[in-house]
Amino acid sequence: MLQTTEKTIIKETAKKMVSRENKKAAMHDKLQLLRSVTNSHATKDSSILIDASKYIEELKQKIDILNEDIARSSSYSWPMVTVENLEKGIQVNVYSERSCPGLLVFVLKVFEEFSLNVLEARVSCKGSFQLEALGVESEENGETIDTHMVKQAVLQAIQDWNESNDQE
């Protein structure tokens, strides 16, 4: 009976040792991964952690700089676009807090691409840009127009307009 107990204790001790070795190996692998991600040349575990901490601080600084850049560039508000189906046709609304010279031409090209006839339109370009247009499908088209596709096309037209203004 004593031999069975000794064997059990030896097995449990061996399992614990294997478990510790596995944990140690796993920790070593994780530290090496951290070392490679942070481009650390350190060999000691504590030095790898210090380098990782410095790397995280550098990333935080880069994020702060990017957020500042975004805040500065977001002073220009991108035009808002809504497109909805009405009984009469499709209502397209485009609004920007600032004036957008030439944008109307780009948006009206979208109407042309979808064979929409402008039934009614209101446009204001003084200080801001606002377009409310009701488009009806031309009878030759015969297909129902997807409002999502129209919205995407208007957004692309705004992008094209923006790029053409950047080149000038």
Review point. Does any N or O in the side chain of Thr38 come within less than 3.5 Å of the main-chain N or O of Leu34, such that one atom is a donor and the other an acceptor?
Key: yes
Exercise for review: Under the side-chain contact (heavy atoms from CB on, under 4.5 Å) rule, what do Ile158 and Val94 come out as? Steps first, then yes or no, please.
Suggested key: CA-CA 10 Å; Ile158 292 170; Val94 180; 4.2 Å; yes
Review point. Can you tell me if Asn93 and Gln91 form a side-chain donor-acceptor pair at under 3.5 Å?
Key: yes
Check your understanding: Going by heavy atoms in the side chains, are Arg122 and Leu131 under 4.5 Å from each other?
Key -> no
Review point. Backbone N or O of Ile9 within a donor-acceptor pair of the Thr13 side chain at under 3.5 Å?
Key: yes
Check your understanding: Where the side chain of Trp161 meets the backbone of Val107, is there a donor-acceptor pair that is under 3.5 Å apart?
Key -> no
Exercise for review: Check whether any side-chain heavy atom of Arg35 lies under 4.5 Å from a side-chain heavy atom of Gln32, and answer yes or no.
Suggested key: yes
**Study point:** Intermediate values then yes/no, side-chain contact (heavy atoms from CB on, under 4.5 Å), Glu132 and Glu120
**Key:** CA-CA 8 Å; Glu132 295 176 15; Glu120 291 179 27; over 6 Å; no
Practice item. Decide yes or no for Ser164 and Phe106: does some side-chain heavy atom of the first lie under 4.5 Å from some side-chain heavy atom of the second? Key: yes
Practice item. Find out whether Asn162 and Leu103 are in side-chain contact, i.e. whether some heavy atom of one side chain is under 4.5 Å from a heavy atom of the other. Key: no
Review point. Honestly curious: do Tyr55 and Leu49 fall in one hydrophobic cluster under the side-chain, below-4.5 Å linking rule?
Key: no
Check your understanding: Would you say Leu104 and Val81 are hydrophobically clustered, going by side-chain heavy atoms of ILVMFWY under 4.5 Å?
Key -> yes
Exercise for review: Decide yes or no for Ile90 and Phe114: does some side-chain heavy atom of the first lie under 4.5 Å from some side-chain heavy atom of the second?
Suggested key: no
Revision key, fill the gap. To the nearest 0.5 Å, atom CE of Met80 lies from atom CD of Gln130 at 9.0 Å
Revision key, fill the gap. Minimal heavy-atom distance between Ser99 and Cys125, with the atoms involved, is OG-O, 3.5 Å
Review point. Do the non-hydrogen side-chain atoms of Gln152 and Met149 ever get within less than 4.5 Å of each other?
Key: no
Review point. Can you find a heavy atom in the side chain of Ser124 that is under 4.5 Å from one in the side chain of Phe129?
Key: no
Exercise for review: Find the distance between CD (Glu58) and NZ (Lys54) and round it off to the nearest 0.5 Å.
Suggested key: 9.0 Å
Exercise for review: Let me see the working for Lys15 and Glu12 under side-chain contact (heavy atoms from CB on, under 4.5 Å), right down to the final yes or no.
Suggested key: CA-CA 5 Å; Lys15 284 182 183 178; Glu12 288 179 14; 5.5 Å; no
Review point. Looking at OG1 of Thr5 and CD1 of Ile10, how far apart are the two atoms once the value is rounded to the nearest 0.5 Å?
Key: 11.0 Å
Check your understanding: Out of curiosity, Asn117 CG to Glu112 CD, how far, rounded to the nearest 0.5 Å?
Key -> 10.5 Å
Check your understanding: Linking I/L/V/M/F/W/Y whenever their side-chain heavy atoms sit closer than 4.5 Å, directly or via other members, would Val123 and Tyr95 fall into one cluster?
Key -> no
Point to revise | Which atom of Ser40 lies closest to which atom of Asp51, heavy atoms considered | key: OG-OD2, 2.5 Å
Exercise for review: Drop me the distance from Leu31's CG to Thr43's OG1, to the nearest 0.5 angstrom.
Suggested key: 12.0 Å
Check your understanding: What distance separates Leu116 CG from Leu134 CG, expressed to the nearest 0.5 Å?
Key -> 9.5 Å
Review point. Do Val136 and Val150 share a hydrophobic cluster (ILVMFWY, side-chain heavy atoms under 4.5 Å, transitive)?
Key: no
Point to revise | Salt-bridge present (Lys60, Glu57; N to O < 4.0 Å) | key: yes
Review point. Given the rule that I, L, V, M, F, W and Y join up when any side-chain heavy atoms are under 4.5 Å apart, are Leu86 and Val83 in one cluster?
Key: no
